Amino acid sequence: MAQLEAKDLAQAVVDRMADCQDARFRQVMTSLVKHAHAFAQDVQLTPDEWMTAIQFLTATGKMCDEKRQEFILLSDTLGISMLVVAIAQARGAAAHKARSGEDVPTEATVQGPFYWEGAPELELGADIGAGSPGEPCYYHGRVTDLAGQPIARCAVDVWSGDGEGVYDMQKGEDVGMVLRARFYTDAEGNYRFWSIKPTFYPVPDDGPVGVMLRRMGRHPNRPGHMHMMLHAPGHERLTTHIFVANSPYIDSDAVFGVRNSLIVDFASHVAGTAPDGKVMDKPFHSAHYDFKLVPAA
């Protein structure tokens, strides 16, 4: 067998995929191999550095469990999650606009590591923030298609950390689901619920990703936001946030997820009657945001 020179190794790996039957897999792996080899050449990677990288990835995997996904956190903090989201939405929006000429949908952003499937289904207007640290906040708005027609029975999954920036998944096995729920829009596409006004918080930084961020000289913080996931028959699923305007770190989100169109002014109110008629005995906030969903291809 002829000895391969370092410059020929990437192509040798690619050539050995000649019998791969999955064209897309072959395309992705070909690009991955070529870029990975080019990276190693570019930085003149040493064996010790490569072993450190392997140990880092091993430690990242060991940190994962059913409630914590360190690899999602790694992807998020390297900006890759947001890049993939942006590519997917740009492709879908461009395809739809080419067909219809209508406006593009509400912008998507990262799902993050704290999504928990199976949140309780609650009636519109329910309060998911009762008993949790934080200032009460009323969320409301409308879900429509790109032509402005209401989408009834659209599932709206919501979740956030509490007023101290801590998610239920971080509080131990006995806590269960807190500050998360699923609502369905009414016949006019309206949604409404009570929770708390989210605050900024650090992503989990007690694992390998935290070590990486500190080595990079970066902070681990995210601005205050409410996660929203919307899905309805005949429409593409939308995973996004609404961000609290003027929240600390709004300009330096650790996972690069902020989009200007998703920043919302949370109105402050004195004690009294809320927009939904609920009488509040203490000050509260309200946040209004309308969502536009793109039709499924």
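Being a predicted model, the structure only gives us computed values, none of them experimental. Because only heavy atoms are used, hydrogens play no part in the values below, and waters and symmetry mates are left out as well, while side chains stay in.
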Would you give the length of the straight line joining atom CD1 of I151 to atom OH of Y184, rounded to the nearest 0.5 angstrom? 14.0 Å
Between L238 and Q89, does the side-chain contact (heavy atoms from CB on, under 4.5 Å) criterion hold? Intermediate values first, please. CA-CA 9 Å; L238 172 67; Q89 189 166 45; 4.2 Å; yes
What I'd like to find out is whether the side chain of L293 reaches to under 4.5 Å of the side chain of V143, using heavy atoms alone. yes
W50 side chain near I54 side chain, heavy-atom distance below 4.5 Å: yes
Can you name the side chain to side chain donor-acceptor pair (under 3.5 Å) partners of R24, sequence neighbours left out? Q27
Could you tell me whether the side chain of D205 reaches within less than 4.5 Å of the side chain of R214, counting heavy atoms only? yes
Pairwise distance NZ(K278) to OG1(T273) - rounded to 0.5 angstrom: 12.0 Å
Would you say M63 ends up clustered with F71 if hydrophobic residues are merged whenever their side chains have heavy atoms under 4.5 Å apart, either directly or through other cluster members? no
By ring pair (Phe, Tyr, Trp, His ring centres under 6.0 Å) - contacts of Y249 (at least two apart): F200, H219
Would you say the ring centers of Y191 and F183 fall short of 6.0 Å from each other? no
Any side-chain heavy atom of T77 within less than 4.5 Å of one from R218? yes
Lys/Arg N to Asp/Glu carboxylate O, R68 vs D206, below 4.0 Å: yes
What's the spacing between C154 SG and D145 CG if we round to 0.5 Å? 11.0 Å
Using 30° and 60° as the class limits, which term best fits the ring planes of H227 and H225: parallel, tilted or perpendicular? perpendicular
C137 vs I196 side-chain heavy atoms within contact, under 4.5 Å: no
Spacing of NE2 belonging to H231 relative to CD belonging to E236, to within rounding of 0.5 Å: 13.0 Å
Hey, what do you get for CZ (R153) to CG (D186), rounding to the nearest 0.5 Å? 11.0 Å
Can you name the one residue among Y201, W116, W159 that meets side-chain hydrogen bond (donor to acceptor under 3.5 Å, both in side chains) with Y167? Y201
Can you tell whether the side chains of D276 and R192 come within less than 4.0 Å, N to carboxylate O? no
In the structure I gave you, are the side-chain heavy atoms of V294 and L146 within less than 4.5 Å of one another anywhere? yes
Check the surroundings of atom CG in N246: do more than 12 heavy atoms from other residues, nucleotides or ligands lie under 6.0 Å from it? no
Would you say CG of D265 has more than 12 non-hydrogen atoms from neighbouring residues, nucleotides or ligands within 6.0 angstrom? no
Count the heavy atoms belonging to other residues, nucleotides or ligands that lie under 6.0 Å from CG of N260, then report whether that count exceeds 12. no
More than 12 non-hydrogen atoms from neighbouring residues, nucleotides or ligands closer than 6.0 Å to NZ on K171, yes or no? yes
pair V255-M82: side-chain heavy atoms closer than 4.5 Å: no
ILVMFWY network linking F291 to Y138, side-chain heavy atoms under 4.5 angstrom: no
Interatomic distance, I128 atom CD1 to S160 atom OG [nearest 0.5 angstrom]: 6.5 Å
Hydrophobic clustering (ILVMFWY, side-chain heavy atoms < 4.5 Å, transitive) - are M229 and V158 grouped together? no
Determine, stepwise, if the pair S286 / H269 fulfils side-chain hydrogen bond (donor to acceptor under 3.5 Å, both in side chains). CA-CA 8 Å; S286 65; H269 307 273; 2.7 Å; yes
Just wondering, do L74 and E70 contact through their side chains at under 4.5 Å, heavy atoms? no
